[in-house]
Amino acid sequence: MCGIVGYVGPQRAQDVVVDGLRRLEYRGYDSAGVAVVHDGVLAVAKRSGKLANLEKVLADKPLPPATTGIGHTRWATHGPPNDANAHPHTGGARRVALVHNGIIENYAELRDRIEADDHVFLSETDTEIAAHLVELQVQSGVDLQVAMQRVCQQLDGAFTLVAVDAEDPGRVVAARRNSPLVVGLGEGENFLGSDVAAFIEHTREALELGQDQIVTITADEVTVTDFWGSPVEPTRFHVDWDLSAAEKDGHDWFMRKEIFEQPRAVADSLIGRRGVNGLLQLDEMRLADEEIRDLDKIIVIACGTSFYAGMVAKYAIEHWTRTPVEVELASEFRYRDPIVDNTTLVVAISQSGETADTLQAIRHAKSQGAKVLAICNTNGSSIPRESDAVIYTHAGPEIGVASTKGFLTQLVACYLLALYVAQVKGTRYGDEIDEIMGQLEAMPDHIDTVLTRADSIYELARAHVATRSVLFLGRHAGYPVALEGALKLKELAYIHAEGFAAGELKHGPIALIEEGLPVLCVVPPRGRDQLHAKMLGGIQEVRARGARTICLAEEGDHTIEPYADDLIRLPQVPVLLQPLVAIIPLQLFACELATALGHDVDQPRNLAKSVTVE
Ligand code: F6R
């Protein structure tokens with residue numbers, strides 16, 4: 001939430017900062033702003049609404065040709081999304097400009113304290129106080145880095161702050177606590193960004209910053225300290241994707257591009273997992289076999305789409321390892337006094353690695369003695385850094401706000417984790433693990449097959465532009481798919497959509513069924529206990545009450561034909577792996593319906609990617 005950019009170097013700062021903001025806009029699009037330092041004076045431009053509004057202002061009236069600048073794209077927390085609340089904010093003397101991501105919890109108290117000294121505030125934000133406080137510090141004679149340290153010591157809450165001082169050109173100082181910030185290392189230029197997308201067109205060399213650290217960049221130098229001024233050695237990393245991954249590549253939306261990237265993303269997440277000895281290997285995981293053998297319980301914590309991946313993980317881990325698994329919304333976890341100890345493995349799933357609810361849940365789990373394993377897509381982000389172990393997914397940058405390839409690669413990581421635990425605990429024979437790995441390795445081709453049917457799914461979606469409500473039904477591993485399909489439709493098409501476990505319908509929700517209501521049904525593969533038959537029963541019940549059924553069923557399943565008003569065929573895969581193919585039509589459906597309704601698919605209203613506030 002909120003994108004932040006900082007730059008010092010030979011290029012025109014306005015251009016570098018605005019380009020960076022364009023790549024970070026998915027983090028928030030309530031307003032955008034930029035500040036540069038030129039000839040000892042600050043120049044600031046900001047506008048409510050999307051970045052395009054700011055770009056128009058800058059096209060009419062460019063900022064001076066400065067080479068030091070900061071910028072911000074906002075997801076509003078304190079104060080509505082208007083021009084006054086847009087960042088950057090300045091101190092009263094307009095010597096310091098500052099941008100912020102997060103929430104300063106004690107801002108009101110700090111503001112009352114200095115308002116008594118005739119400080120006038122121009123916005124309703126929690127951020128402006130930080131600009132005033134930093135400015136007061138530099139006015140007292142300390143440099144910007146020390147000023148930032150002293151101010152951070154007074155702040156409570158979550159914040160990335162990035163500031164410039166008009167009287168100290170050529171330097172940008174930033175601080176981070178509980179909000180993301182990475183440094184891009186250029187040749188004779190350096191960058192700051194909420195994530196590496198901000199500077200990927202300039203450099204792929206980066207530094208990750210830890211909790212409570214302050215970084216100063218000049219064109220030639222980067223120095224990092226803690227909030228008390230002690231030097232810190234940051235961790236350097238290389239970004240393994242390039243600018244082309246952050247472009248739409250001919251698609252109308254990033255989301256659509258990312259949907260079509262899924263065969264590759266799944267294949268990449270599987271690369272290198274089979275060792276020379278034929279055993280499954282998860283090199284980066286850093287959990288000892290004894291620790292895995294001693295596990296009594298696994299708790300998966302996550303939010304939103306990642307939570308639904310966690311639900312699938314439960315089915316797979318329990319089935320293959322016989323280890324009990326709980327799945328919990330990260331935002332609820334620490335508030336219910338969970339039973340966690342050193343025989344519990346907490347698995348935190350997060351695409352961004354920055355979700356505040358998940359991060360806080362991790363901290364709680366660790367304080368209770370649990371080991372934490374992160375499943376994450378973002379190198380250098382907080383969640384893997386604060387976890388004991390990590391499995392990285394290899395989706396590449398996910399820019400569409402609605403998660404797609406992030407979800408699929410999380411599923412793959414969950415399957416790999418389940419198989420690895422089974423291997424270590426000996427709950428599955430090697431040849432069984434080998435067989436499942438083979439089935440996973442066939443998935444990119446199966447996903448590709450579903451994608452070749454996109455046009456018929458689009459046609460179906462466009463036929464639903466007048467629909468105001470859609471239900472999704474699933475059972476077993478198809479239930480999380482139903483929930484995820486409904487979430488996609490809600491967040492993109494703004495249509496009421498609900499996912500249900502098909503067996504639950506008769507306990508209440510069936511009252512919602514009325515003539516013509518579209519019901520999307522994820523039909524499990526045949527041949528598994530009573531699952532398929534029970535699902536068929538549920539479909540008949542809703543159809544008998546007037547619902548229009550759109551069924552997702554495997555090739556060759558003719559039993560479904562009499563009960564499906566529309567039928568989308570899925571490749572034949574095992575039930576536990578079916579989410580990898582079944583979610584694809586639902587992603588395509590939501591994307592196309594939202595497009596037909598004229599919505600901005602990549603930037604749905606009220607949302608932002610990477611939810612860094614609790
Ligand atoms: C929905 C979506 C969100 C995220 C959720 C968790 O399409 O993207 O529900 O899944 O905010 O985000 P991460 O995985 O970054 O922790």
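We count ligands from 1, going down the list as the structure has it; atoms in each ligand are counted the same way. Remember, predicted model here, so these are calculated numbers, not experimental data.
We find the CG-CG distance between Leu492 and Asp600 to be 10.0 Å, quoted to the nearest 0.5 Å. Taking CZ from Phe191 and NE2 from His202, the interatomic distance works out to 5.0 Å, rounded to the nearest 0.5 Å.
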>> Show, in sequence, the C-alpha distance, side-chain angles and deciding distance for Glu261 and Lys248, and conclude whether the salt bridge (Lys or Arg N to Asp or Glu O under 4.0 Å) test is met.
In response: CA-CA 11 Å; Glu261 281 173 351; Lys248 283 191 207 155; over 6 Å; no

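By heavy-atom distance, the residue among Thr355, Leu359, Leu487 lying nearest atom 16 (O) of ligand 1 is Thr355.
Aromatic ring pairs are classed by plane angle as parallel below 30°, tilted from 30° to 60° and perpendicular above 60°; the pair Phe260 and His251 is parallel.
By the 6.0 Å contact criterion, CD on Glu247 is enclosed, its count of non-hydrogen atoms from other residues, nucleotides or ligands being greater than 12.
Those atoms of ligand 1 that come under 4.0 Å of a heavy atom in Val401, given as number and element, are 8 (O). The contact set between ligand 1 and Ser350, taken as ligand atoms under 4.0 Å from a residue heavy atom, comprises 13 (P), 14 (O), 15 (O), 16 (O). Ligand 1 places these atoms under 4.0 Å from at least one heavy atom of Ser306: 10 (O), 13 (P), 14 (O). The ligand atoms of ligand 1 that sit less than 4.0 angstrom from a heavy atom of Ala402 are 7 (O).
At under 3.5 Å, a nitrogen or oxygen of Thr305, whether backbone or side chain, sits near a nitrogen or oxygen of ligand 1.
Atom 11 (O) of ligand 1 has as its closest protein heavy atom Val611 CG2, 4.0 Å. Protein heavy atom nearest atom 15 (O) of ligand 1, with residue, atom name and distance: Ser352 OG, 2.7 Å. The closest protein non-hydrogen atom to atom 7 (O) of ligand 1 is Glu491 OE2, 2.5 Å. What sits closest to atom 5 (C) of ligand 1 on the protein, heavy atoms only, is Cys303 O, 3.6 Å.
Panel note: side chain Gln368, backbone Asp341; no donor-acceptor pair is recorded below 3.5 Å.
For the residue pair Ser382 and Glu354, a side-chain donor N or O sits within less than 3.5 Å of a side-chain acceptor on the partner. Under the 3.5 Å distance criterion, with hydrogens and angles disregarded, no donor-acceptor pair is assigned to the side chains of Asn85 and Thr125.
Only the side chain of Lys488 comes within 4.0 Å of ligand 1, counting heavy atoms alone; its backbone N, CA, C and O stay farther away.
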